[in-house]
Amino acid sequence: MRIGIIGAGAMAAALGRGWAAAGHEVRIGARSADAARALAAEINGHAATVGAAIAFADAVLLAVPVSALTELLGAHGDDLAGKVVIDCTNAFLPDESAPDGVPAFVLSENAVAERIATAAPKAHVVKAFNLLAAEVWAGTDRVFDGVRLAVPICGDDATSVQKVARLAEDLALQPFTAGGLHRARYLEATSVFTVGLWFGGLDARAMLPPLSAAFAVADA
Ligand SMILES: NC(=O)c1ccc[n+]([C@@H]2O[C@H](COP(=O)([O-])OP(=O)(O)OC[C@H]3O[C@@H](n4cnc5c(N)ncnc54)[C@H](OP(=O)(O)O)[C@@H]3O)[C@@H](O)[C@H]2O)c1
């Protein structure tokens, strides 16, 4: 697949490297040509302007801060028409009202993925890869306690969701098709909640039993 990545930071590097290694054609489009060139060289991709990376791509990863989206989509929203747009963004703010000693975050904005879809109405926006740190996506550990790491994916266009699912599989991850784009806000909330737990030293994974024990079984 032809993948355009907007941004040249941690997420661009983590996902772009894996996709390039899996045989995809990756173009890095960043506002700094030097940064785009440096990352492209590092991951075996090609550098481009933001506009050229979008024009080239079948799928575009938005790997920029949420604060950059208004400007980016204002300039390029129409260029995203017909493309799969992968939104991995998180809108975190420190939770100023958390009790002392409890590290926590809140969302600075709800439903970022839906905002992207409104600003680029002809794009096929898919939320994915926002739950975990770039270091995890960049790493090679994929199976923990016998369970393959999963990527929940929300989007309205089934074909686009399937394409992103294959991109997850290309990183040796397990895609979870998780419903329409209106549910992406829950992924965004899940991320802000679990990251707070992790920062506090609490293993978020321990909150959830395996599927086999997730529902009460009626007494015989
Ligand atoms: N890092 C993680 O672990 C992680 C995990 C999950 C989700 N995310 C989300 O993924 C997104 C990217 O995170 P990141 O960690 O990769 O960020 P990062 O390392 O800070 O890189 C951000 C990239 O966006 C570019 N950028 C910033 N403002 C811009 C603007 N106004 N217009 C165009 N480009 C702009 C930066 O360019 P300059 O260098 O020129 O500023 C940089 O290339 C964020 O929304 C973040 O919440 C991150």
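In each ligand, atom 1 is the first atom listed, and ligand 1 is the first ligand listed.
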Return yes when [X] approaches ligand 1 closer than 4.0 angstrom through a heavy atom, no otherwise.
{"X": "N130", "result": "yes"}
{"X": "A30", "result": "no"}
{"X": "C88", "result": "yes"}
{"X": "L132", "result": "yes"}

For [X] against [Y], the heavy-atom pair lying closest together:
{"X": "L62", "Y": "L69", "answer": "CD1-CD2, 4.2 Å"}
{"X": "D141", "Y": "L149", "answer": "O-CD2, 4.4 Å"}
{"X": "D79", "Y": "K83", "answer": "O-CE, 3.4 Å"}

Taking [atom] as the point of reference, which of [options] owns the nearest heavy atom?
{"atom": "atom 33 (C) of ligand 1", "options": "M11, R31, H76", "answer": "R31"}
{"atom": "atom 17 (O) of ligand 1", "options": "A35, A75, S191, A10", "answer": "A10"}
{"atom": "atom 18 (P) of ligand 1", "options": "G9, G7, A138, A36", "answer": "G9"}

What's the shortest distance from [atom] to any protein heavy atom, and which residue and atom give it?
{"atom": "atom 46 (C) of ligand 1", "value": "N90 N, 4.0 Å"}
{"atom": "atom 2 (C) of ligand 1", "value": "A134 N, 3.5 Å"}
{"atom": "atom 45 (O) of ligand 1", "value": "V64 O, 2.8 Å"}
{"atom": "atom 26 (N) of ligand 1", "value": "P65 CD, 3.8 Å"}

For [atom], state whether the nearest protein heavy atom is under 4.0 Å away.
{"atom": "atom 39 (O) of ligand 1", "answer": "no"}
{"atom": "atom 36 (C) of ligand 1", "answer": "no"}
{"atom": "atom 20 (O) of ligand 1", "answer": "no"}

Give the atom numbers and elements of ligand 1 that come within less than 4.0 Å of a heavy atom of [X].
{"X": "A68", "value": "28 (N), 29 (C), 30 (C), 31 (N), 32 (N)"}
{"X": "E71", "value": "31 (N)"}
{"X": "A63", "value": "12 (C), 22 (C), 23 (C), 24 (O)"}

Going by atom types only, do R115 and T70 share a side-chain donor-acceptor pair under 3.5 Å? yes
Using distance alone, decide if ligand 1 has a nitrogen or oxygen within less than 3.5 Å of any nitrogen or oxygen in [X].
{"X": "A8", "result": "yes"}
{"X": "E135", "result": "no"}
{"X": "L62", "result": "no"}
{"X": "A133", "result": "no"}

With sequence neighbours left out, which residue pairs that include part of residues 54-92 fulfil the ring pair (Phe, Tyr, Trp, His ring centres under 6.0 Å) condition? F92-F105
Is the count of non-hydrogen atoms from other residues, nucleotides or ligands lying under 6.0 Å from [X] atom [atom1] greater than 12?
{"X": "L208", "atom1": "CG", "result": "yes"}
{"X": "F144", "atom1": "CZ", "result": "yes"}
{"X": "E71", "atom1": "CD", "result": "no"}

Does some side-chain heavy atom of E188 sit less than 4.5 Å from a side-chain heavy atom of D87? yes
Cut-off 3.5 Å, no hydrogens considered: what does the side-chain donor-acceptor table look like for residues 8-21, sequence neighbours left out?
{"unit_1": "R17", "atom_1": "NH2", "unit_2": "E42", "atom_2": "OE2", "d": "2.5"}
{"unit_1": "W19", "atom_1": "NE1", "unit_2": "L167", "atom_2": "O", "d": "3.0"}

Main-chain N/O of N90 paired with N130 side-chain donor or acceptor, under 3.5 Å: no
I'd like to know if the side chain of R27 and the backbone of A52 have a donor-acceptor N/O pair within less than 3.5 Å. no
Answer yes or no: is there an ion pair linking R205 with D145, defined by an N-O contact shorter than 4.0 Å? yes
